[in-house]
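So the structure is just underneath, and the comments pick up after that.
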Amino acid sequence: MEAELVLDAQATLGEGALWHRRTARLYWVDIEQGEVHLFDPQTGADEVHRVGQRVGTVVPRRRGGLMLALDAGFARFDPTSGDLTLLGDPEADRPGNRFNDGKCDPLGRFWAGTISLARQQGTAALYCLDTQGHLRRMLSGLTNSNGIAFSPDASTMYHIDTPTLQVCAFDYRAETGEIGNRRVVVDVPVELGKPDGMTIDTEGMLWVALFRGGCVTRWDPRDGSLLATIRVPATQVSSCAFGGPKLDTLYITTARIGLSAEQLAEQPHAGGLFAARPGAWGMEAFEYAG
């Protein structure tokens, strides 16, 4: 199967795809341009908000508005007024890092991790902002904290640290947010690309965007087997999320960053938003409850 272009966004570094069912919009970001995008697939309109710094991910807030993970840490954002409220930066002492991918968990906590811009091994981490506004470091020793997903029964959290080429699973306690018992459930062969953003379907199968691999892949975390591949006419595939009224459309973000003029001529829609219907159904995204 091959994904089709739905928005020729020309994003420098498209990321953070998330479908918000209440507004029927696909939320996504262009990290390097500091942009939050709200895409309406019914009309094709893409609403853009510039927040003045790099933005790693976006999630909806139950009380209204959005939550962001930025260069300067966690923040609350009102797209109507443009008000941006910074809530805390756990890595203010690490100017070589920025926030990257993240998601909310079933109890409405906001999880987001950091990336070392110099790819300095072990200097990044994964954090959790609880519904009371308290911030905890959940994983240390990372380099590029990326995709996060929670199993349909809310017993397992999946996480990617991109340079490891692995998807790891953790036992997850929804009532406390604690994680433990780390184990590797997927090993991505280096020739396929680098695991980036991730989502999960109703069968508990993982969908992983492969940066520089030109595809999104479906994996069974029970045995690590590769089940399906969706080709994307852009090599730098960065994130994916199920959306649409039935949550059966897989939306895919891509990037143009670092591509040569020759490469851009070969993939003119790099940085675009793509979609496919792979015959699977996604989980509704969780909102931040704080």
Side-chain angles (χ1 to χ4, degrees), residues 3 6-7 9 11 13-31 34-42 45-49 51 54-70 74-79 99-113 126 128-129 145-152 157-160 196-202 206-209 216 237-255 272-276 278 280-290:
V6 295
L7 179 68
L13 182 51
E15 255 285 8
L18 179 147
W19 178 261
H20 190 211
R21 202 163 193 173
R22 281 201 292 128
T23 60
R25 299 290 188 275
L26 183 82
Y27 297 170
W28 63 282
V29 301
D30 185 339
I31 294 176
E35 295 175 348
V36 177
H37 293 249
L38 283 65
F39 174 67
D40 182 351
Q42 289 297 315
D46 186 51
E47 185 180 317
V48 183
H49 299 271
V51 297
R54 286 174 296 195
V55 51
T57 197
V58 54
V59 297
R61 185 171 180 241
R62 192 175 298 170
R63 298 180 186 179
L66 307 173
M67 297 293 292
L68 309 177
L70 305 162
F74 290 87
R76 187 168 59 243
F77 179 64
D78 183 343
F99 268 90
N100 200 40
D101 210 351
K103 296 277 176 59
C104 286
D105 71 11
L107 268 289
R109 306 176 190 93
F110 184 17
W111 296 64
L126 175 67
C128 178
L129 181 71
S145 182
N146 234 313
I148 299 175
F150 295 88
S151 64
M157 185 189 85
Y158 299 99
H159 177 258
I160 292 170
D196 200 325
M198 174 171 58
T199 192
I200 195 166
D201 63 30
T202 55
L206 300 172
W207 295 79
V208 179
V216 174
V237 181
S238 51
S239 74
C240 54
F242 283 97
K246 298 180 180 179
L247 297 176
D248 61 348
T249 300
L250 189 69
Y251 289 99
I252 301 163
T253 60
T254 63
L273 180 65
F274 296 82
W281 291 262
M283 306 282 294
E284 186 169 354
F286 303 112
E287 300 174 313
Y288 179 63

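In what follows, residues are counted from 1 in the order of the sequence shown. Computed from a predicted structure; not experimentally measured.
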Out of curiosity, [X] [atom1] to [Y] [atom2], how far, rounded to the nearest 0.5 Å?
| X | Y | atom1 | atom2 | value |
| --- | --- | --- | --- | --- |
| Met67 | Arg76 | CE | CZ | 7.0 Å |
| Phe77 | Leu66 | CZ | CG | 7.0 Å |
| Ile148 | His159 | CD1 | NE2 | 5.0 Å |
| Arg61 | Asp78 | CZ | CG | 9.5 Å |
| Phe110 | Leu68 | CZ | CG | 7.0 Å |
| Thr254 | Asp196 | OG1 | CG | 11.5 Å |

>> Strictly distance-based, threshold 3.5 Å: is any side-chain N or O of Asn100 a donor or acceptor partner for the main-chain N or O of Asn146?
In response: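 Not confirmed, Asn100 side chain does not pair with Asn146 backbone.
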>> Using the side-chain contact (heavy atoms from CB on, under 4.5 Å) criterion, which residues pair with Thr199? Sequence neighbours excluded.
In response: Trp207, Cys240, Phe242, Leu250
>> Checking Pro106 now: which residues fulfil side-chain contact (heavy atoms from CB on, under 4.5 Å) with it, not counting sequence neighbours?
In response: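 With neighbours one apart ignored, the set is Phe150, Ala154, Tyr172, Phe286.
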>> Listing request: all salt bridge (Lys or Arg N to Asp or Glu O under 4.0 Å) pairs with a residue in residues 15-27, at least two apart in sequence or in separate chains.
In response: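 For residues 15-27: Arg21-Glu284, Arg22-Glu287, Arg25-Asp40.
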> Given the rule in the side chain to side chain contact (heavy atoms under 4.5 Å, CB included) test, do Leu18 and Val58 qualify, once you have shown the distances and angles that lead to the verdict?
Replying inline: CA-CA 8 Å; Leu18 179 147; Val58 54; 5.7 Å; no
>> Let's go through Phe99 and Leu70 carefully: what are the C-alpha distance in whole Å and the side-chain angles of both, what is the deciding distance for side chain to side chain contact (heavy atoms under 4.5 Å, CB included) to 0.1 Å, and is it a yes or a no?
In response: CA-CA 6 Å; Phe99 268 90; Leu70 305 162; 6.0 Å; no
